[in-house]
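First comes the structure, then the notes that go with it.
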Amino acid sequence: MNHLHKYFRDLYLGVTTISIGMAVTFRHLFTRAVTVQYPHEKLTYPPRARTMLVTDIDSCNGCLQCSRACPVEIIHIQTVKVQPEDNPPDMPDGKPRKLHVVQFDVEMSKCIHCGLCTEICSTGSIHWENQHEEVSYARDGLFRDWSSYPLDERKRLLDRDAVIKAEKAKKAAEAAAAKEAAAAKESVEKPAPKPVESKETSPKAESKVNKEGETPQPPVTENGKEDA
Amino acid sequence: MKETKELNLPLGPELNKWELLSKGEDPFGEQMTLQMGPQHPATHGVLRLELETDGEAVTKITPYIGYLHRCFEKVAESVTYPQVVPYCDRMDYLAGMNMCLGYVLAVEKLMEIEVNDRVQTLRVMVNELNRIASHCVALATYGLDIGAWTPLLYLFQAREHILDILEELSGARMLFNYIRIGGLAKDIPDNGWTKKVENFLGYFEPKIPELNDLLSYNKIFIERTANVGAMSQEIAIAYGVTGPNLRATGFDYDMRRDAPYSGYENYEFEPQLGSGEQGKPGDCWDRYIVRVREMGESMKIIRQALDRLPEGDVQEKIPKNFNKMPVGEVYTSTEAPRGELGIYLVSDGTKIPYRVKARSGAYCSVSALPAFASGVLIADLVAIVASIDIVLGEVDR
């Protein structure tokens, strides 16, 4: 009797609970569709959507902050110091340009869309733009070269920069050597401690020069304030 | 009758086989090794289970993991503290907010940063929203594995609302990178974001009874899940199982209540426990229903957070570059949707973490699988693996 009772009870429950579920499904028949037919209809993206990185190279001051913030190291930037004879166009905010951005490459296919670069950019140069439909068969297809300089001009500027840097380094080394010599002359009368070779100082001088070439511009923060 | 006669013939090797069988060995090759995964649709990703089967019964389970290993811990040793945050999202990609919060709380504990009330409230809010979204996927795919297709459609529809809300807030749908060291990436948008959250809560409130009608109390579903794969409290505790899987065994433990972080002590909610309503405590149905009820609790928390959302700045003052980090080690544990997320962080004073160890709930759930699921049928194993709700991204990290 007990088994018979269980049998019919299971039957009853099976039928009723399934019909309850069917009723839910049936009710949903009369609701509006939530999906869209993609290529014909497109959804709008919110303003904060992180889709594709775009660089407005005119407003880039070459501070390298985005390149340093990137966790996957896909932003490659090279800058050259502006010389008096160059006469480049001013920054959009009217300040004189201090660095030529001769290389601004973004490997979009490696991007993890974290947004750290766009947040740190003080001029709003690198930003997201709603271009989510860009696809490519090869990795090169998503390579972005934003620098506005033609290739031969880039080479010329870089070569010139190398020459200037080498000259500076040479001068610094010479100055250091002269200093050393003077110090050595003075210490001839006294028992010399140990002659310091000029080689040791020259790399220091060089590195200082390199740093000078890369230092972020001082008006960075001012720009940010003005934008805000 | 004919068969027995043949087998009873005193033929040398055949007779030996029967003797071997009586000793518990497998002379007829009935036992079989079955590879379940790594591309099995019911293993939720790339989990491989090596099963020893005796006919339809599974005698031994050996999980093999590592197919989704992304070296989170090693990568964290080569990037700076703020740069680790986007990688945290990728651990448990269904609950990125919860993963980020665990890491960020560890760094804040190390640097002794106190965030203000608004940041804490917003963090709690996005965490609970993400928990609902994560549970939606868990329940939807559970139904799908058992053979119920319809709940998937409705639950993903609800999840889509949450993703829209979070996308508007953070800019991404899954890999948010929203919770940052010392605060949040951005304040909430001006165009009535809180109103949208309220609308969602109004929309989702009737969805839970609807899910109960559709799946939870369905007789077929109960037959498939009740009394199947019951995890005892002893096994759960021995293997370090946490989160909904532990609560389903009836053990009352919730990090949000027992070791509150990010201001969870200010919210009223009830950890949901399994009680063996339809079968044994800790069976698949209990694990399922605990998640359903937890979504309701999360909604309660979001309501309270919306009510008390104070004004304030969303980013505390933190050092611009992390050159002078305090030397030391910290451990924080948070309640992620799949159990306790522990982050152990060692700092040697440089701007790069010396060591980041992540302890995930899903990993422990997988490791407990051989202990409580051996001896079931293959079809039931599908139900069990789905019910412990693992995300292989979090298992392998």
Side-chain angles (χ1 to χ4, degrees), chain A residues 6-29 31-36 43-53 65-74 111-120 122 127-130 132 216 220-221, chain B residues 75-76 78-80 82-90 143 148-151 153-154 156-158 160-161 164-178 180 185-186 188-191 193 196 206-207 209-223 315 320-321:
Chain A
K6 189 178 178 302
Y7 175 74
F8 280 112
R9 190 172 160 67
D10 281 356
L11 260 187
Y12 168 74
L13 278 176
V15 172
T16 48
T17 53
I18 288 172
S19 357
I20 290 169
M22 295 287 233
V24 172
T25 320
F26 189 72
R27 278 205 298 278
H28 272 266
L29 269 182
T31 52
R32 265 197 18 226
V34 290
T35 48
V36 295
L43 296 172
T44 50
Y45 282 74
R48 290 179 182 181
R50 305 201 291 263
T51 48
M52 282 299 247
L53 278 178
Q65 289 290 330
C66 53
S67 169
R68 284 183 194 136
C70 182
V72 283
E73 297 171 4
I74 57 159
C111 180
I112 61 169
H113 299 265
C114 64
L116 292 178
C117 53
T118 57
E119 279 164 26
I120 209 153
S122 55
H127 59 278
W128 299 107
E129 219 157 78
N130 199 343
H132 62 284
V220 164
T221 46
Chain B
V75 167
S78 62
V79 292
T80 60
Q83 286 177 346
V84 178
V85 179
Y87 288 102
C88 294
D89 282 319
R90 285 155 175 82
W149 163 252
T150 325
L153 300 172
Y154 302 158
F156 266 62
Q157 201 176 321
E160 204 66 13
H161 280 89
D164 282 345
I165 288 170
L166 293 181
E167 186 188 16
E168 199 161 319
L169 184 64
S170 68
R173 294 176 77 78
M174 280 170 87
L175 308 168
F176 307 102
N177 192 18
Y178 179 64
R180 301 286 175 80
K186 282 168 187 141
I188 57 175
D190 304 329
N191 54 354
W193 185 80
K196 278 180 186 167
K207 288 284 157 185
E210 194 180 285
L211 177 67
N212 285 339
D213 283 349
L214 204 57
L215 189 63
S216 310
Y217 295 100
N218 185 309
K219 185 66 184 161
I220 300 170
F221 182 71
I222 291 173
E223 287 292 315
Q315 183 70 46
K320 201 174 175 189
N321 42 18

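Every chain is numbered from 1 and lettered A, B, ... according to where its sequence line falls, protein lines coming before strand lines.
- Within the 3.5 Å criterion, the main-chain N or O of Asn177(B) finds a donor-acceptor partner in the side chain of Asp89(B).
- Considering only heavy-atom pairs separated by less than 4.5 Å from chain A, the leading option among Thr80(B), Leu153(B), Leu169(B) is Leu169(B).
- Of the possible polar contacts, one joining the Arg50(A) side chain to the Ser170(B) backbone as a donor-acceptor pair under 3.5 Å is found.
- When heavy atoms are compared at a cutoff of 4.5 Å, Glu168(B) approaches chain A by way of both its backbone and its side chain.
- Leu215(B) places none of its side-chain heavy atoms less than 4.5 Å from the side chain of Glu210(B).
- The candidate with the highest count of non-hydrogen atom pairs below 4.5 Å against chain B, out of Gly115(A), Pro47(A), Ala23(A), Ala69(A), is Ala69(A).
- Across Ile112(A), Leu43(A), Thr51(A), the residue that shares the most heavy-atom pairs under 4.5 angstrom with chain B is Ile112(A).
- Proximity to chain A is absent for every atom of Pro151(B), based on heavy atoms less than 4.5 angstrom apart.
- For the pair Trp193(B) (side chain) and Ile165(B) (backbone), a donor-acceptor distance under 3.5 Å is present.
- Gln157(B) contributes no side-chain N or O that, together with a main-chain N or O of Val34(A), makes up a donor-acceptor pair within less than 3.5 Å.
- The contact between Leu175(B) and chain A is made entirely by backbone atoms, counting heavy-atom distances below 4.5 Å.
- Remark: the backbone N or O of Leu214(B) is not paired with any side-chain donor or acceptor of Tyr154(B) at under 3.5 angstrom.
- Between the side chain of Thr25(A) and the backbone N or O of Gly21(A), at least one donor-acceptor pair lies under 3.5 Å.
- Only the side chain of Arg180(B) comes within less than 4.5 Å of a heavy atom in chain A; its backbone stays farther off.
- Counting heavy-atom pairs under 4.5 Å between each of Glu73(A), Arg48(A), His113(A) and chain B puts Arg48(A) at the top.
- Residue Phe176(B) touches chain A through its backbone alone, counting heavy-atom pairs closer than 4.5 Å.
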